[in-house]
**Q** 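Mind having a look at this structure? Questions to follow.
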Amino acid sequence: MTSRRRRRTSTVSVLLVLALALGGYALHAALAPSDGSNAATGSSTGAQPTGTRGSAPEQADATGGTDATGGTDATGGTDATDGTGATGGTEPSRASRPDPDTTAMLRALAGLPVKGKAPATGYDRTGDFGSAWLDVDHNGCDTRNDVLARDLTGIVRQGRCTVLTGTLVSPYTGGTIAFTRGQTTSTEVQIDHVVALENAWRTGAQQLPQATREALANDPENLFAVDRHSNAQKRSGDAATWLPAAKGFRCTYIEHQVTVKARYHLWVTPAERDAMERVLDRC
């Protein structure tokens, strides 16, 4: 009798559990979303990645290095790197503008006269463009120290003008140079004329007044603080024979060249114009 009662109780318990399970399943089915979406992962695919953008002691500087000889480097080291250089995100020379207006530059380039170079006969850097470096803006400091103060970071001065130390990220290579003023160290950082003075002389500057030529030689638009190797390699080269190794800087470099040539009414050679166009077309 007792055994029969236990079996009935077990049967009832099993039926009760089954009833509760079926009821729970029905309730879950009624509340579940109809499109099968998972709220927990709904926004995970919408995340946007963030990116980053990826510049004799003092006498050697006096000529800017670009006019030491009339020769040019046919290769110019233009393919020394395949990018802007290993700058670690450091911005190059503060003289540069990061986003040249390509359309405006192509229009300005199209407006420049095109003809062959005049002879370099009689060219004299100091006699034709003034001694290096002048104080054409009359701020009390010579142009070299003005450019060093503009393009270097962390500078230390002696007095109001003389830059003693600082750090340069050369816009032509992207390499970093620790500058220290001294008899054997100053030439590690040199001041380059973007339009080399001999090139300017042979493309129209012969016809300019002396004061205008001196302004050209000291125009901040025409000057960059750069590494010694690039400056020595460029010499008097134009865009057809030399471009910065840092390809990412070439648009800005050509923008400055076109601006200076237009400002001082200089011309370009056919090969120079074609090289400028090729660079600007890729900007």
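Please read these numbers as outputs of a predicted model, since none were measured by experiment.
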**Q** Give me the atom names and distance for the closest heavy-atom approach of Pro171 to Ala225.
**A**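 Where Pro171 meets Ala225 most closely, the heavy atoms are CD-O, 3.4 Å.
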**Q** Could you give me the CA-CA distance, side-chain angles and deciding distance for Gln233 and Asp227, then say whether side chain to side chain contact (heavy atoms under 4.5 Å, CB included) is met?
**A** CA-CA 10 Å; Gln233 188 183 59; Asp227 61 289; over 6 Å; no
**Q** Are the side chains of Cys283 and Leu280 in contact, using a 4.5 Å heavy-atom criterion?
**A**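 They are in contact (side-chain heavy atoms under 4.5 Å apart), so the answer is yes.
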**Q** Just wondering, do Cys141 and Arg157 contact through their side chains at under 4.5 Å, heavy atoms?
**A**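 No, every pair of side-chain atoms sits at 4.5 Å or beyond.
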**Q** Backbone N or O of Pro119 within a donor-acceptor pair of the Gln206 side chain at under 3.5 Å?
**A**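 Checked: pair present.
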**Q** Measuring from atom OG of Ser170 to atom CZ of Arg228, what distance do you get when rounded to the nearest 0.5 angstrom?
**A**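 That separation rounds to 12.5 Å.
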**Q** With no hydrogens and no angle check, is any side-chain donor or acceptor of Asn222 less than 3.5 Å from a backbone partner on Val195?
**A**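 Flag set: sc Asn222 to bb Val195 pair under 3.5 Å.
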**Q** Considering non-hydrogen atoms only, spot the tightest contact between Gly140 and Cys161 and give its length.
**A**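 The pair with the smallest heavy-atom distance is O-SG, 3.4 Å.
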**Q** Taking the six-membered ring for Trp, is the centroid-to-centroid distance between Tyr253 and Phe224 below 6.0 Å?
**A**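 No, the ring centres sit 6.0 Å or more apart.
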**Q** For Met105 and Val258, work out which heavy atoms get closest and say how close.
**A**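 For Met105 and Val258, the tightest heavy-atom pair comes out as O-CG1, 4.0 Å.
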**Q** Are Val189 and Asp151 packed together at the side-chain level, in the sense that at least one heavy-atom pair is separated by less than 4.5 angstrom?
**A**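 The answer is no; the side chains never approach within 4.5 Å.
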**Q** Looking at Gln210, I want to see if its CD is surrounded by more than 12 non-hydrogen atoms of other residues, nucleotides or ligands under 6.0 Å.
**A**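 Yes, the 6.0 Å shell around CD holds more than 12 heavy atoms from other groups.
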**Q** In Å, rounded to the nearest 0.5 Å, how long is the span from CG of Leu109 to CD of Glu277?
**A**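 Reported value, rounded in 0.5 Å steps: 5.5 Å.
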**Q** Would Val136 and Tyr264 show up in the same hydrophobic cluster when neighbours are defined by side-chain heavy atoms closer than 4.5 Å?
**A**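 Cluster IDs for Val136 and Tyr264 differ.
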**Q** Looking at Ser230 and Thr173, what are the two nearest heavy atoms and their distance?
**A**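 The answer is OG-CG2, 3.4 Å.
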**Q** Under the criterion side chain to side chain contact (heavy atoms under 4.5 Å, CB included), I'd like the reasoning laid out for Asp192 against Lys234: C-alpha separation, chi angles, the key distance, then a yes or no.
**A** CA-CA 9 Å; Asp192 177 51; Lys234 174 184 172 180; 3.0 Å; yes
**Q** Check Gly182 against Ser186 and note the closest heavy-atom contact, atom names and distance.
**A**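 Closest approach of Gly182 to Ser186: N-OG, 2.9 Å.
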**Q** Distance from Arg144 atom CZ to Asp142 atom CG, nearest 0.5 Å?
**A**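 Answer rounded to 0.5 Å: 8.0 Å.
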**Q** Report yes or no: does Arg150 contribute a side-chain atom to a donor-acceptor pair with the main-chain N or O of Pro220 at less than 3.5 Å?
**A**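 Looks like yes, one N/O pair under 3.5 Å.
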**Q** Apply side chain to side chain contact (heavy atoms under 4.5 Å, CB included) to the pair Val194 and Thr259, showing each step before the final yes or no.
**A** CA-CA 10 Å; Val194 181; Thr259 299; over 6 Å; no
**Q** Just to verify, which of Arg202, His193, Glu198 counts as forming a side chain to side chain donor-acceptor pair (under 3.5 Å) with Ser236?
**A**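 Result for side chain to side chain donor-acceptor pair (under 3.5 Å) with Ser236: Glu198.
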**Q** Any donor and acceptor pair, going by atom type alone, linking the side chain of Thr203 with main-chain N or O of Leu266 inside 3.5 Å?
**A**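 A pair under 3.5 Å: no.
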**Q** Would a single hydrophobic cluster contain both Leu106 and Ile254, if residues Ile, Leu, Val, Met, Phe, Trp and Tyr are joined by side-chain heavy-atom contacts under 4.5 Å?
**A**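 Same cluster.
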**Q** Establish whether Ile155 and Trp133 are linked, either directly or via other cluster members, by ILVMFWY side-chain heavy-atom contacts under 4.5 Å.
**A**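 As far as the 4.5 Å side-chain criterion goes, Trp133 and Ile155 are connected within one cluster.
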**Q** Kindly work out whether a path of hydrophobic side-chain contacts (I/L/V/M/F/W/Y, heavy atoms less than 4.5 Å apart) joins Val156 to Val169.
**A**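 No, separate clusters.
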**Q** Would you say Asp238 and Val268 make side-chain contact, with heavy atoms under 4.5 Å?
**A**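 No - every pair of side-chain heavy atoms lies 4.5 Å or more apart.
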**Q** I need the Lys115 NZ to Trp267 CH2 distance, nearest 0.5 Å.
**A**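 Answer for the NZ-CH2 pair, Lys115 versus Trp267, is 4.5 Å.
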**Q** Does some side-chain heavy atom of Cys251 sit less than 4.5 Å from a side-chain heavy atom of Thr102?
**A**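 Counting from C-beta outward, Thr102 and Cys251 never come under 4.5 Å.
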**Q** Between Leu197 and Arg213, does a side chain to side chain contact (heavy atoms under 4.5 Å, CB included) hold up when you go through it step by step?
**A** CA-CA 9 Å; Leu197 296 186; Arg213 290 199 296 265; over 6 Å; no
**Q** Atom CG in Leu112, atom OG1 in Thr269: separation rounded to 0.5 Å?
**A**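 If we round to the nearest 0.5 Å, Leu112:CG and Thr269:OG1 are 11.0 Å apart.
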**Q** Calculate, to the nearest 0.5 Å, the distance between atoms CD and CG belonging to Glu214 and Leu208 respectively.
**A**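 If we round to the nearest 0.5 Å, Glu214:CD and Leu208:CG are 12.0 Å apart.
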**Q** Going by side chain to side chain contact (heavy atoms under 4.5 Å, CB included), Phe179 matches just one of Leu152, Leu164, Leu168, Thr167. Which one?
**A**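 Single pass found, and it is Leu152.
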**Q** Quick check on salt bridge (Lys or Arg N to Asp or Glu O under 4.0 Å): which of Lys117, Lys261, Arg278 does Glu272 satisfy it with?
**A**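 Output: one option passes, namely Lys261.
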**Q** Consider side chain to side chain donor-acceptor pair (under 3.5 Å). Of Asp135, Asp219, Asn218, Asp137, which one does Thr143 pass it with?
**A**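 Single side chain to side chain donor-acceptor pair (under 3.5 Å) partner of Thr143 among Asp135, Asp219, Asn218, Asp137: Asn218.
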**Q** Would you say that Asn145 contacts Gln158 through its side chain, given a criterion of any heavy-atom pair below 4.5 Å between the two side chains?
**A**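 Side chain of Asn145 against side chain of Gln158, heavy atoms only: no contact under 4.5 Å found.
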